[in-house]
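Here's the structure we're looking at; comments come further down.
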Amino acid sequence: MEIGKRIQCLRREKKLTQEQLASALGVTSAAVSKWETNAAMPDVTMLCPLARMLGITVDELLDFRPALEQEEINALLEDRRKLFEEKRLEEAGASCEALLREYPSDLRLKCAAAGLYVMYLSASTEEKWIKAQLERAVALLEQSRESGDLELSASARSMLVSLYVMQEEMDKALAILDEEPKVKIDTEMARANILLRKGELDEAEKLYQTGLWSSVRNVTMYLVGLHHVALRQEDGARALERLEQAMEVERVLRVDELDGGAGSLRLLRAEVLCQEGRLDEAMEDLTGYVEGNLARWAKMSRGDEIRSAFYDKLNVRASGISTAYLARNLRTVLEQGESAGLLGDREDFRALLARLAELEAQ
């Protein structure tokens, strides 16, 4: 609410006329009228007496807050996200930076803004712009990692590791990892066990499900890492085996029902299948990768939560990315992927790209 509207509402709540408020403060009723219509601001010397008359603090009068609540951050960044979606990149960046200047000490806001910058790196193909976005995100995260909020600090460090790897600054990424405790207590498992003993079954079950989901995702990522090692060793058969093991782990423990990780695994498998000359199978995986992502986003765009009967205490909420932006990213992945060189002349491959282009244009 603008300060003028706030003054007007509070004055009316106190059942004061403009003339009465003006008389108490030693100003004219015309001055009060200008405040309430935002034609003028109260003088600094008027703020304390005005706040006292209205029964609030000066901070409340000015709507001053050193930091925002997470829900407020999400709402404010949603407007900026839409600008990125519409490719109004300069406007989006300027708007984000204006918000950061308004709350210069809000580390949670800085971390969230960095996440937004990273999310929309593919909004432009201009290398200079992408580099600037990355550098700004890194700068914001470097500040956020100093937060006394352990969860926020850990999130910032995790993102920083990924960004430094993207920038080929491996030593910086390793330095952050070296800061982490070498021995960790699984506090969530211990908490779940305690809650189980106390008979708080719902909370215990949620923690067990969360830990299982996280552990399975870690196993999957280790297998993907072994897949990449095998590729560098030019052992296509072993690389394919590691991916299929990862997909089987996700299938058996039903992680793919919740976060769709198997889609990315199909993309990786398609690349290996192409190298092995199994083009029909590769095309089937690419189609499954695209269709799975589109179906998932369609459900989330309707406001539906992604749920699993196996992980019934957990859910995945929408990221805010539009179907058009998702289609653009999927098309870019297919066109720039290693599979494109071998599948580019196929009619089904071109049809898949055409479908994505059509969704992007909507």
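We count residues from 1, following the sequence as given.
- Here the CZ atom belonging to R346 is positioned 12.5 Å from the CG atom belonging to L353, to the nearest 0.5 angstrom.
- Taking all atoms of both residues into account, the shortest heavy-atom contact from L62 to R6 is C-NH1, 4.1 Å.
- A side-chain N or O of D43 and one of T45 form a donor-acceptor pair less than 3.5 Å apart.
- For R80 (side chain) and G93 (main-chain N/O), no donor-acceptor pair under 3.5 Å exists by modelled atom type.
- L141 places a side-chain heavy atom less than 4.5 Å from the side chain of C111.
- Counting non-hydrogen atoms of neighbouring residues, nucleotides and ligands closer than 6.0 angstrom, the CD atom of Q70 exceeds 12 such neighbours.
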Apply side-chain contact (heavy atoms from CB on, under 4.5 Å) to residues K172 and Q167 and explain how you reach the verdict. CA-CA 10 Å; K172 288 185 177 180; Q167 294 176 308; over 6 Å; no
Checking Q275 against E338 for the side-chain contact (heavy atoms from CB on, under 4.5 Å) test, could you report, in this order, the C-alpha distance in whole Å, the side-chain angles of both residues, the deciding distance, and whether it holds? CA-CA 9 Å; Q275 295 174 11; E338 296 180 12; 3.2 Å; yes
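- K110 contributes no side-chain N or O that, together with a main-chain N or O of S105, makes up a donor-acceptor pair within less than 3.5 Å.
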Applying side-chain contact (heavy atoms from CB on, under 4.5 Å) to L334 and F349, what does each step give before you reach the verdict? CA-CA 9 Å; L334 295 188; F349 185 78; 4.2 Å; yes
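- Looking at N329, V333, I130 one by one, the single match for side chain to side chain contact (heavy atoms under 4.5 Å, CB included) with S122 turns out to be N329.
- Proximity of Y120 to L89: side-chain heavy atoms (C-beta onward) are nowhere separated by under 4.5 Å.
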Walk me through whether R278 and E276 qualify under salt bridge (charged side-chain N to carboxylate O under 4.0 Å, His left out). CA-CA 6 Å; R278 297 157 63 178; E276 298 287 306; 5.4 Å; no
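- Side-chain atoms of R328 never come within 3.5 Å of backbone atoms of E360 as a donor-acceptor pair (strictly under, hydrogens ignored).
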Under the salt bridge (charged side-chain N to carboxylate O under 4.0 Å, His left out) criterion, do R251 and E248 qualify, and how do the steps go? CA-CA 5 Å; R251 186 192 66 78; E248 182 66 7; 2.6 Å; yes
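- For the atom pair CD of E19 and OG of S29, the computed distance is 5.0 Å after rounding to the nearest 0.5 Å.
- The line from SG of C96 to CG of L76 is 10.0 Å long, rounded to the nearest 0.5 Å.
- Taking all atoms of both residues into account, the shortest heavy-atom contact from A309 to E257 is N-OE1, 4.0 Å.
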Expected list for residues 220-230: side-chain donor-acceptor pairs under 3.5 angstrom, two or more places apart:
unit_1: T220; atom_1: OG1; unit_2: V216; atom_2: O; d: 3.0
unit_1: T220; atom_1: OG1; unit_2: E250; atom_2: OE2; d: 3.2
unit_1: H227; atom_1: ND1; unit_2: A239; atom_2: O; d: 3.4

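- Q209 places a side-chain N or O within donor-acceptor distance of the main-chain N or O of D312, the cut-off being under 3.5 Å.
- Between Q20 and K14, every side-chain heavy-atom pair lies at or beyond the 4.5 Å cut-off.
- One distance of note links CG of L273 with CD of E284; it measures 9.5 Å at 0.5 Å rounding.
- Between E151 atom CD and R108 atom CZ the span is 6.5 Å, to the nearest 0.5 Å.
- Between F84 and Y325, a ring centre-to-centre spacing not shorter than 6.0 Å is recorded.
- Taking OH of Y289 as the reference point, atom CG of L330 lies at 5.0 Å (rounded to 0.5 Å).
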I would like to know whether E271 and L231 meet side-chain contact (heavy atoms from CB on, under 4.5 Å); could you show each step before the answer? CA-CA 11 Å; E271 293 177 353; L231 282 182; 5.9 Å; no
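- Judged by distance alone, the side chain of S214 and the main-chain N or O of T210 form no donor-acceptor pair under 3.5 Å.
- Listed for the N293 side chain is no donor-acceptor partner under 3.5 Å among the backbone atoms of L326.
- For the 3.5 Å distance criterion, the side chains of S153 and R157 qualify, holding a donor opposite an acceptor.
- Contact check for E91 versus E86: no side-chain heavy atoms found under the 4.5 Å cut-off.
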